[in-house]
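Report on the structure given below.
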Amino acid sequence: MKDHMDTRNKLVSVVAAMAALFSGLVSAATQVESRTSDAGAALDAVIEQRMKDGGMVGVGAAIIVDKKVVWTGGYGFADRERAIRFTPDTVMNIGSISKTFTGAALMRAVQEGKVSLDVDINAYLPFKVVNPHHPDEPITLRQLATHTSGITDRPSVYESNYHFGGGPTESLGGFLESYFTRDGRHYSDANFLKARPGAHREYSNIGAGLAGYIVERAVGEKLNTYTARHFFTPLGMSNSGWFLSEIPPAKLARLYVAQGPRIPIPLYELTTYPDGGVRTSVSDLARFFTALLNDGEYEGARILDKPAAGEMLRFQYTNANKPGNVNIEGDDSVNSGIFWATKYDITRIGHNGSDPGVRTMMLADPKREVGVILFTNTSMGDEESGSYFEIFDALWARAEQLKREASGKRG
């Protein structure tokens, strides 16, 4: 009998211990859930307050940790007048983040053997592009993609590329030919810097347009169909395109200007669409960004081989080979991949975008461990823009927190 009672007591003790352990686990899980909920609520509060401070109508965002999308969110309105909420699937144009699609298309063309980064671009063009200040110096695709080509954007001409309420009446090739050939209506020696190609960094949208046009000629296909075939479709980016005709109007965010009353502005297209024409959602862009951070692959879909993806993201400026007006270390330092930028003194990599009614960011840390995407469908002046960057900082802090939590679980 004693043995039976001892066994029973032991069983009771074991059950009690297991219950205590389970209770502790539940309590710990509840605390973690509570902390997660608290962190999420705090992030929501920061975003909503900063949106109010900066006059932002809608905001969408995504957080990437260890090359996985771990959070997306939407706030405010895609269309305030019709009370349509801004969600991670809301589509809007993304400004100069579009250049990363042009860069990926360029590297895909390199991968296919259609172009070389270091050949004179005139090998690929039906018209000549020559810097009149350095007529014997060739311009290369690598220089176009790192903003060292010597091509500059004349504001009066570049601004005419925006077509509000409709599409361009001039083709990309026609515009570029008129800008670069001496008898063209947009030609001027002032379209080029006096510095030789490769010697000076100056950001050039028209240079990006030229690179995109070269890709189109080399692959025999327009960028919208080429990128849809190689990027959008394999990655499941069903809410992405280049032109208004490719996106159902109901999916498109309305665009606003924050100064004074929040005024809606007409949708528009660009003649030089390779520099800023992509329309996509936070959810779709997160797939593309993750693929680039992951050596060209996202959930089994490979859009670039590893060497091509590596070259796109590789810092192209070195101490032995950099523009004279660039620091690559210390304060105000910058570097460049192939239409791939650095920010915050090379502590962030990716790209930003800004256009009428548009502000976007797509940045990761150089180790590619965390990343943040942030959209707003509202233009802001300098005073309001601080609120936008505070939202980005809050998202970045949350991304780092999620990274620490993920590392702790693995440990």
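Counting from 1, the numbers follow the sequence of the chain as shown.
- The distance from atom OG1 of Thr146 to atom CZ of Arg201, rounded to the nearest 0.5 Å, is 8.5 Å.
- When each of Phe180, Phe175, Tyr179 is paired with His186, the ring pair (Phe, Tyr, Trp, His ring centres under 6.0 Å) condition holds for Phe175 and for no other.
- Applying the salt bridge (Lys or Arg N to Asp or Glu O under 4.0 Å) test to Lys128 and every residue at least two apart in sequence or in another chain returns nothing.
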Test side-chain contact (heavy atoms from CB on, under 4.5 Å) on Leu141 and Ile121; report intermediate values, then the result. CA-CA 6 Å; Leu141 279 165; Ile121 58 173; 4.1 Å; yes
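- Proximity of Tyr388 to Thr378: side-chain heavy atoms (C-beta onward) are nowhere separated by under 4.5 Å.
- In this model, no donor atom of one side chain and acceptor atom of the other lie less than 3.5 Å apart for Arg404 and Gln401.
- Using modelled atom types, one finds no donor on one side chain facing an acceptor on the other under 3.5 Å when comparing His147 with Ser336.
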Criterion side-chain hydrogen bond (donor to acceptor under 3.5 Å, both in side chains) on Tyr75 and Asp44, from CA distance to verdict: CA-CA 9 Å; Tyr75 304 82; Asp44 291 344; 2.6 Å; yes
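- Between atom CZ of residue Arg196 and atom CD of residue Glu137 there is a gap of 6.0 Å, rounded to the nearest 0.5 Å.
- Taking each heavy atom of Trp396 and Gly371 in turn, the nearest pair found is CZ3-CA, 4.3 Å.
- Between the side chain of Glu311 and the backbone N or O of Ala308, no donor-acceptor pair lies under 3.5 Å.
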Residues His230, Arg108; criterion side-chain hydrogen bond (donor to acceptor under 3.5 Å, both in side chains); working and verdict: CA-CA 9 Å; His230 290 298; Arg108 181 87 192 194; 3.3 Å; yes
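- Between Tyr273 and Phe243, the ring planes lie perpendicular to each other; the angle is over 60°, past the 30° to 60° tilted range.
- For the pair Arg85 and Phe77, the cation-pi criterion (under 6.0 Å, within 45° of the ring axis) is fulfilled.
- Scanning all heavy atoms of the two residues, the minimum distance from Ala62 to Ala286 falls at CB-CB, 4.2 Å.
- Of all heavy-atom pairs spanning Lys322 and Thr318, the tightest one is CB-O, 3.2 Å.
- Using a 3.5 Å distance cut-off with no hydrogens or angles, the side chains of Ser188 and Asn191 do not pair a donor with an acceptor.
- Applying the salt bridge (Lys or Arg N to Asp or Glu O under 4.0 Å) rule to pairs touching residues 279-293 yields nothing, sequence neighbours excluded.
- Between Glu269 and Ser245, the shortest heavy-atom contact is OE2-N, 4.3 Å.
- For the salt bridge (Lys or Arg N to Asp or Glu O under 4.0 Å) with Asp295, the qualifying choice from Arg302, Arg314, Arg368 is Arg368, the only one to do so.
- Here CG of Leu117 is found 11.5 Å from CE of Met312. Values are rounded to the nearest 0.5 Å.
- The aromatic rings of Tyr158 and Tyr162 stand perpendicular to each other, their planes meeting at an angle above 60°, with 30° marking the opposite boundary.
- Thr227 OG1 to Phe101 CZ: the interatomic distance, rounded to the nearest 0.5 Å, is 7.5 Å.
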Walk me through whether Thr272 and Asp275 qualify under side-chain hydrogen bond (donor to acceptor under 3.5 Å, both in side chains). CA-CA 6 Å; Thr272 57; Asp275 76 70; 2.5 Å; yes
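- In this structure, Arg182 forms no cation-pi arrangement with Tyr187, as its terminal cationic atom is not both closer than 6.0 Å to the ring centre and no more than 45° off the ring axis.
- In the model, Glu177 has no side-chain atom that pairs as donor or acceptor with a side-chain atom of Thr181 under 3.5 Å.
- Minimum interatomic distance between Thr271 and Ser171 (heavy atoms only, all atoms of both residues): CG2-O, 3.9 Å.
- Other residues, nucleotides and ligands place more than 12 heavy atoms under 6.0 Å from the CD atom of Gln49.
- Side-chain contact of Tyr203 with Ser96: a donor-acceptor pair under 3.5 Å is present, judged by distance alone.
- A side-chain donor-acceptor contact under 3.5 Å links Glu202 and Thr152.
- Looking at Asp153 and Ser204, their side chains do bring a donor and an acceptor atom within 3.5 Å of each other.
- Glu246 and Asn224 are linked by a side-chain donor-acceptor pair at a separation below 3.5 angstrom, with hydrogens and angles left out of the test.
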Determine whether Glu221 and Thr225 satisfy the following criterion, side-chain hydrogen bond (donor to acceptor under 3.5 Å, both in side chains), listing intermediate values before the conclusion. CA-CA 7 Å; Glu221 193 173 358; Thr225 57; 3.2 Å; yes
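- A pairwise comparison of heavy atoms in Leu144 and Ile151 identifies CD2-CD1, 3.7 Å as the closest pair.
- Using bins of under 30°, 30° to 60° and over 60° for the plane-to-plane angle, the ring pair Phe231/Tyr226 lands in the perpendicular bin.
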